[in-house]
Amino acid sequence: MDKNETTTYARHVWLGGHIYTEDDQAPLATALACEGQKLIYVGDDETAQKLIGPNTLVTDLKGHTVVPGFIEGHAHLQSYGESLLRLRIRDLSRQEILKAVGEAVKELEPGTWLVGGMGWNNEVWSDPSYPTRQELDAVSPHNPVMLPRMDGHMIWVNTQAFSACGITDDTPDPEGGEFFRNPDKTLHGCVANKAADMIKYYIPKPDKERRVKALLAAQKQLLAYGVTSVNDMSTDWENVCDLKELYEKGMYKLRFHGALRNALGQNADPKLYEYFLKCPEIDLYDKHYTVRAVKFLADGSVGAQSAALTEEYSDRPGHFGTRMYTDQQFYQEVSEAARHHMQAITHAIGDAAIDQVLRIYQQVLDEVPVPDHRFHIEHFQTITGDSRERAAKLGVWASMQPTHAPNSASMALRRLGETRAKGAYAAGLVLEILGRISCGSDAPVAPPDPLDGIHSAVTRTNGNLEPKGGFFPENAMTREQALKGYTIWGAYAQFTERDKGSLEKGKLADFVVLDQDLMTVDEDDLLRVRVLETIIGGETVYRSANR
């Protein structure tokens, strides 16, 4: 009997499509059928029509392309939602941002914080120097302002913000952070990593109503992008409570896989640590909610000059970036995660940070054998030496963000020099040795649009088709690889390949209908492919006005 044969009438049948299943045994199909949340048939129209009963809903796909639901491999869900609600500064020039701030503070009482969404990018400004507090002071003399850089590892603040937090020219840099300073040692206005945390601590936290509004805003946009499942890299205690309530009310459709942030170590949130001890929680709310991972941060970013490098920054002699952990601290936390059957997921951008992560992962796994651990390195951004081979031997998973490469091209060349830049943001190089990677956006660092990510992965250019010719185009992915990175490989990265990532009988009916064939359109036209419909568990959760 064929694996797709069934005698059950389907709840819903889709016919006449051009379906890329990501099932190696049957890569193409024209029809799908589901009962409940799961597919009961994937194949040809003729057979699918036999599953149509008197109560079956039938949809004509009209030849449109269908792919498995996109899996966003790396996002910060709450932060992304908040960024959609805050002052928009993304893609604006320095002067446009200052004008927007000046207009926004007119609506605020003096002393009220103004917090921008992600994020300014000095690399695309005519003057790429870091912005100063005096520039913000001129437009906001009475309100503290905090504007995140696009990478999330640096903020731009004004004098009022420093004053509100009790930070002066004499405040020392904390371990793992930096207050950027002028030549005369006065505060400049840009603040990185743990130093930025000292300022964020004083910003009023959103209440529950605001948090839920942000989560719903994030969901709405992700569904429009065709995302059916999200890997969250910053799950905190409030997220756990808010999301469970939303799922109980039937208000959240996205499939959520969370990695707990700040759950372990000296500065752990006590409530989150208590929750960690009860984890993993897998497939709650009918396979919609899973928390089985812990997120660690080994270093910062190249843009904030805080990625930990083995050689000095090309544009800052004597500076090697910032490590967030000593080896012993990192070992203790990863070891505790492993002993509680939790997946370790670690942000590591600089080659020194990648080396540390691989060394500690090796030490922990030697002591706590986990045959199928799927520990992650998130970003794997600066490749030197034998790091890829060591990762492959250890079974470490690489999660990468294709849009980061073209958007960081000029900065990478300036900060790393051409030799190291050739091995930066290099998804193709990692694939050569590891064989598969998962893809994401790091939202709100970049918009979580998988089609934009696929375009960047294939062309090594951004939405403006820059840099011309692509950023080291030899490091590109093929279209087939890029689609896998957002579907079946994304499922492997979160242990869900038996349920999703491909369209096969018995798997979840999570898929996306597109207006064009992303495998045959011209490369640059990948930017113009649009989502017509997003289906999760057989239910349409987004439909374009053009559908």
Side-chain angles (χ1 to χ4, degrees), residues 121-124 128-130 149-151 153-154 178 192-193 298-324 346-359 377-394 396 398-435 437 439 442 445-446 456-462 465-478 481:
N121 181 10
N122 54 300
E123 295 300 323
V124 299
S129 63
Y130 287 138
R149 192 179 184 277
M150 63 171 295
D151 56 11
H153 293 273
M154 177 181 282
E178 181 179 10
N193 297 297
D299 66 346
S301 72
V302 175
Q305 297 181 329
S306 53
L309 303 176
T310 56
E311 297 181 10
E312 64 187 8
Y313 279 78
S314 298
D315 62 345
R316 191 175 174 185
H319 183 70
F320 295 83
T322 304
R323 295 193 191 195
M324 300 300 182
T346 307
H347 163 118
I349 284 181
D351 57 347
I354 292 169
D355 173 73
Q356 181 189 39
V357 173
L358 291 172
R359 285 189 291 102
I377 290 181
E378 297 293 319
H379 310 302
F380 214 112
Q381 198 164 290
T382 310
I383 300 168
T384 60
D386 61 351
S387 58
R388 294 174 300 161
E389 289 79 7
R390 291 164 61 197
K393 183 177 180 180
L394 197 55
V396 169
S399 171
M400 304 185 75
Q401 298 71 44
T403 57
H404 287 10
N407 288 329
S408 303
S410 61
M411 177 267 294
L413 286 165
R414 187 172 70 253
R415 297 254 154 89
L416 302 175
E418 185 168 353
T419 299
R420 281 185 294 181
K422 286 181 180 178
Y425 312 90
L429 278 181
V430 176
L431 268 173
E432 282 182 7
I433 304 300
L434 270 64
I437 63 174
C439 296
D442 204 5
V445 172
S456 288
V458 172
T459 68
R460 302 283 287 178
T461 65
N462 61 21
L465 305 183
E466 296 174 342
K468 193 172 294 291
F471 180 62
F472 296 107
E474 63 270 25
N475 293 331
M477 300 169 70
T478 67
Q481 290 169 338

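- Shortest non-hydrogen contact noted between Ala421 and Phe471 is O-CZ, 3.8 Å.
- Rounded to the nearest 0.5 Å, atoms OG (Ser456) and CD (Gln401) are 12.0 Å apart.
- The line from CE of Met411 to CG of Asn122 is 8.5 Å long, rounded to the nearest 0.5 Å.
- Counting only heavy atoms from C-beta outward, the side chains of Leu413 and Phe472 approach each other to under 4.5 Å.
- Thr310 is linked by a side-chain contact (heavy atoms from CB on, under 4.5 Å) to Asp351, Ala352, counting only residues two or more places apart in sequence or in another chain.
- The list of salt bridge (Lys or Arg N to Asp or Glu O under 4.0 Å) pairs with a residue in residues 400-410, not counting sequence neighbours, is empty.
- With Tyr313 contributing its side chain and Val302 its backbone, the two residues share no donor-acceptor pair below 3.5 Å.
- The minimum heavy-atom distance linking Ile349 with Gly300 is given by the pair CD1-O, 3.4 Å.
- Listed by chain and residue number, His455, Thr461, Asp524, Leu527 satisfy the side-chain contact (heavy atoms from CB on, under 4.5 Å) test with Leu465 (two or more places apart in sequence, or in another chain).
- Glu378 meets the side-chain hydrogen bond (donor to acceptor under 3.5 Å, both in side chains) test with His74, His376, Ser399; sequence neighbours excluded.
- Sorted by first and then second residue, the side chain to side chain donor-acceptor pair (under 3.5 Å) pairs with a member in residues 422-434 read Gln381-Tyr425; sequence neighbours excluded.
- In this structure Ser129 satisfies the side-chain hydrogen bond (donor to acceptor under 3.5 Å, both in side chains) test together with Arg94, Asp127, sequence neighbours excluded.
- We find the OG1-CG distance between Thr403 and Asn462 to be 9.0 Å, quoted to the nearest 0.5 Å.
- Atoms CZ and CD1, on Arg388 and Ile354 in that order, are 11.0 Å from each other to the nearest 0.5 Å.
- Taking the side-chain contact (heavy atoms from CB on, under 4.5 Å) definition, one finds that Ala426 meets it with Ile383, Leu429, Asn475, sequence neighbours left out.
- The number of heavy-atom neighbours closer than 6.0 Å to CD of Glu418, taken from other residues, nucleotides and ligands shown, is 12 or below.
- Counting heavy atoms from C-beta outward, Ser387 and Phe380 have side chains that approach closer than 4.5 Å.
- Applying the side-chain hydrogen bond (donor to acceptor under 3.5 Å, both in side chains) test to Thr346 and every residue at least two apart in sequence or in another chain returns Tyr361.
- Contacts of His347 classified as ring-ring contact (aromatic ring centres under 6.0 Å, His included), with partners at least two apart in sequence or in another chain: His153, His379.
- Pairs of residues two or more places apart, or lying in two chains, that qualify as salt bridge (Lys or Arg N to Asp or Glu O under 4.0 Å) and include a residue from residues 299-318 are Glu178-Arg316, Asp315-Arg414, Asp315-Arg415.
- Formation of a donor-acceptor pair under 3.5 Å by the Arg460 side chain with backbone atoms of Pro473 is not found in this model.
- Expressed to the nearest 0.5 Å, how far CZ of Arg323 lies from CG of Leu309 amounts to 10.0 Å.
- Applying the side-chain contact (heavy atoms from CB on, under 4.5 Å) criterion to Thr322, with sequence neighbours excluded, gives Ser306, Met324.
- With sequence neighbours excluded, the residues that form a side-chain hydrogen bond (donor to acceptor under 3.5 Å, both in side chains) with Ser301 are Asp151.
- Rounding to the nearest 0.5 Å gives a distance of 10.5 Å between CD1 of Ile377 and CE of Met400.
- A 4.5 Å side-chain heavy-atom check between Arg149 and Asn121 finds at least one atom pair inside the cut-off.
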